[in-house]
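Order of appearance sets the numbers: ligands from 1, and atoms from 1 within every ligand.
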Amino acid sequence: MKDLHSWIDEMAQLCRPDHIHLCDGSEAEYDRIAQAMVQANTFLPLAKRPHSFWCHSDPDDVARVEESTYICSEKPEDAGPTNHWMAPAEMKAKLKTLFSGCMQGRTLYVVPYCMGPLHSPFAILGVEITDSPYAVLNMKLMTRMGQKALDLITKKKQFVPGLHSVGVPLKKGEKDSSWPCNSAHRHIVHFPEERSIWSFGSGYGGNALLGKKCLALRIASVLGRDEGWLAEHMLILGITNPTGEKKYIAAAFPSACGKTNLAMLTPTLPGWKIECVGDDIAWIRFGADGRLYAVNPEAGYFGVAPGTSMKTNPNAMKTITHNAIFTNVARTPDGDVWWEGMTDTAPKGLISWLDTLYDPASRMPAAHPNSRFTVPAKQNPIYDPAAENPQGVPLSAILFGGRRSAVLPLVIEAFDWQAGVFFGASLSSETTAAAKGETGKLRHDPFAMLPFCGYHMGDYFAHWLAMGRKSSADKLPRIYAVNWFLKGKDGKYLWPGFGENSRVLQWIFERTSHQAEAKKTPIGYIPESLDLQGLGKIDMAALFHIDPTAWRQECEELSRYFALFGSRMPNALLEELRRLRRAL
Ligand code: OXD
Ligand code: MN
């Protein structure tokens with residue numbers, strides 16, 4: 001491990017900041033930095049939300065940048081065909097040039113943080129060096145940041161170093177912009193063998209908050225492979241039935257496909273209760289009893305704002321009433337925030353995410369489709385009492401979901417672990433605004449980990465299969481594929497979604513205790529029936545239709561896709577594909 005102080009010195013010599021600030025993580029520090037950002041016109045305090053701020057980014061810095069994200073393993077084949085790769089030495093040389101003098105005129109913040117509850121055996125310590133006060137404040141909300149993390153780093157002599165810069169040095173007396181970034185030279189780089197992160201040029205979310213996608217998924221996935229656990233792009237929820245029995249479910253969905261809504265769902269089924277452990281990332285390990293246990297490494301939510309409302313996610317709305325940062329949403333003249341979907345009509349006098357008076361006739365959204373709120377998880381009215389359990393929560397089921405307007409039925413249970421891993425590997429979804437690029441295009445996104453797996457995807461599939469061999473079927477969670485996004489011939493959604501998804505969760509809950517019936521199909525088990533009371537007309541035949549022609553095409557496409565992984569594609573999954581083809 002690098003010595004913390006010599007690493008800070010080395011990075012300071014490279015970046016040449018004007019000042020260095022070691023973060024203690026206190027409220028007073030948060031307030032001082034936020035106040036300075038108000039002075040600098042980056043933050044605007046919101047009169048209607050105590051201790052909350054609005055800000056907007058550069059229009060070219062609004063999402064994760066997958067095309068500039070690299071896994072620089074020693075061997076290219078260890079990054080695999082789904083990651084960008086460059087030889088570590090070559091990339092380091094390039095980065096050193098980029099970072100050289102990049103913090104002139106700025107403050108270098110040292111942000112010690114812990115992913116996972118502080119004293120959990122799951123916890124991983126990190127230090128982010130950044131020149132972005134926005135990143136510092138978001139890290140305070142999203143992680144356990146400050147003195148306590150630093151004490152653990154000093155004691156354990158272990159941390160994942162991460163260097164981040166917006167990449168815009170300031171000359172003496174030069175005025176800063178409200179959102180400095182360097183889009184032409186963006187690099188989000190991971191060195192998996194060295195376990196370090198270098199991120200340059202972007203101040204936005206997953207590019208700049210290094211504890212989240214960079215550490216808790218890309219680097220952690222490599223640690224998980226080496227140490228026998230899983231780092232997954234999954235929410236974790238607790239679900240209690242009307243008799244008080246509680247289970248935990250983890251669910252993987254690609255970015256901006258409703259993970260936060262599902263994690264905080266308000267069941268429409270009487271007597272059922274859902275509580276939230278996490279909305280984005282799960283670290284999963286075996287307990288001594290042979291069951292899988294999950295921990296949420298994060299301490300906050302960095303949620304997609306558009307579409308969040310009192311109807312779709314009242315718990316999120318109650319969580320963000322105070323102590324929140326809003327990025328790229330619209331704001332109202334009286335000091336509140338607004339986004340598409342929050343209310344049926346837009347308030348008058350709205351100021352768009354670009355900080356200009358909003359013109360509804362422009363047909364542009366007032367809030368950016370990937371606008372976000374950042375808020376402490378503890379403020380969630382349904383924060384699960386076991387969310388900070390150092391040992392995690394035991395999983396009864398794992399869900400894989402995509403945004404598919406056709407083909408994949410509402411819910412389907414895998415025959416066994418191996419078939420479930422095949423569900424994960426076959427996941428594809430229509431793209432969203434969470435990453436730069438075209439939206440609405442179908443792309444393969446195995447396990448919803450395409451942008452986040454820090455090693456060869458074929459090895460990752462093999463790792464999932466190997467995990468299943470470490471325990472027995474009665475102890476492993478059951479695996480399901482779900483699809484809330486099916487559309488009918490008229491282009492309308494076939495399933496109401498949101499709170500009504502509790503009806504699907506009920507079936508899954510009861511399946512995991514052998515209390516619900518199922519029908520066998522070539523793909524897996526579908527419900528014999530769902531509780532649809534009070535729902536009105538639902539086209540169950542369409543929701544569970546398995547079209548053999550469409551599925552044969554799906555198999556063709558999967559076989560082409562799996563070929564990408566060459567000799568690292570596990571035979572067991574190719575065998576699953578052959579089995580499916582035969583069954584169809
Ligand atoms: C996120 C993402 O921000 O997946 O969680 O993009
Ligand atoms: Mn995510």
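- Here the N, O or S atom of Asp280 that is nearest to the Mn ion (ligand 2) is OD1.
- Taking the side chain as every heavy atom from C-beta outward, Leu215 and Tyr113 approach each other to under 4.5 Å.
- Aromatic ring pairs are classed by plane angle as parallel below 30°, tilted from 30° to 60° and perpendicular above 60°; the pair Tyr30 and His51 is tilted.
- Ranking protein heavy atoms by distance to atom 5 (O) of ligand 1, first place goes to Lys213 NZ, 2.9 Å.
- Nearest N/O/S atom of His233 with respect to the Mn ion (ligand 2) is recorded as NE2.
- Residue contacts with ligand 1, taken as heavy atom pairs separated by less than 4.0 Å, do not involve Tyr204 at all.
- Each of the atoms 4 (O) of ligand 1 lies under 4.0 Å from some heavy atom of His233.
- Remark: the backbone N or O of Ser255 is paired with a side-chain donor or acceptor of Thr432 at under 3.5 angstrom.
- Within ligand 1, counting atoms from 1 as listed, the ones closer than 4.0 Å to a heavy atom of Asp280 are 5 (O).
- Heavy-atom proximity to Ser255, at under 4.0 Å, picks out these atoms of ligand 1: 2 (C), 4 (O), 6 (O).
- Atoms of ligand 1 lying under 4.0 Å from any heavy atom of Phe452, numbered from 1 in the order shown and given with element: 4 (O).
- Summarising the local packing, NE2 of His84 is surrounded by more than 12 heavy atoms from other residues, nucleotides or ligands at distances under 6.0 Å.
- Residue Lys213 counts as close to the Mn ion (ligand 2), with an N, O or S atom under 2.8 Å.
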Stepwise ring-ring contact (aromatic ring centres under 6.0 Å, His included) check, Tyr70 with His187:
CA-CA 8 Å; Tyr70 294 83; His187 279 76; 5.7 Å; yes
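- A donor atom on one side chain and an acceptor atom on the other are not found under 3.5 Å apart for Ser429 and Asp445.
- Arg64 NE, 2.8 Å is the protein heavy atom nearest to atom 6 (O) of ligand 1.
- Residue contact check for ligand 1: Arg372 places a non-hydrogen atom closer than 4.0 Å to it.
- In this structure a side-chain-to-backbone donor-acceptor pair under 3.5 Å is missing from Ser165 to Phe200.
- Side-chain contact between Phe326 and Thr374: absent, with no pair of heavy atoms (C-beta onward) separated by less than 4.5 Å.
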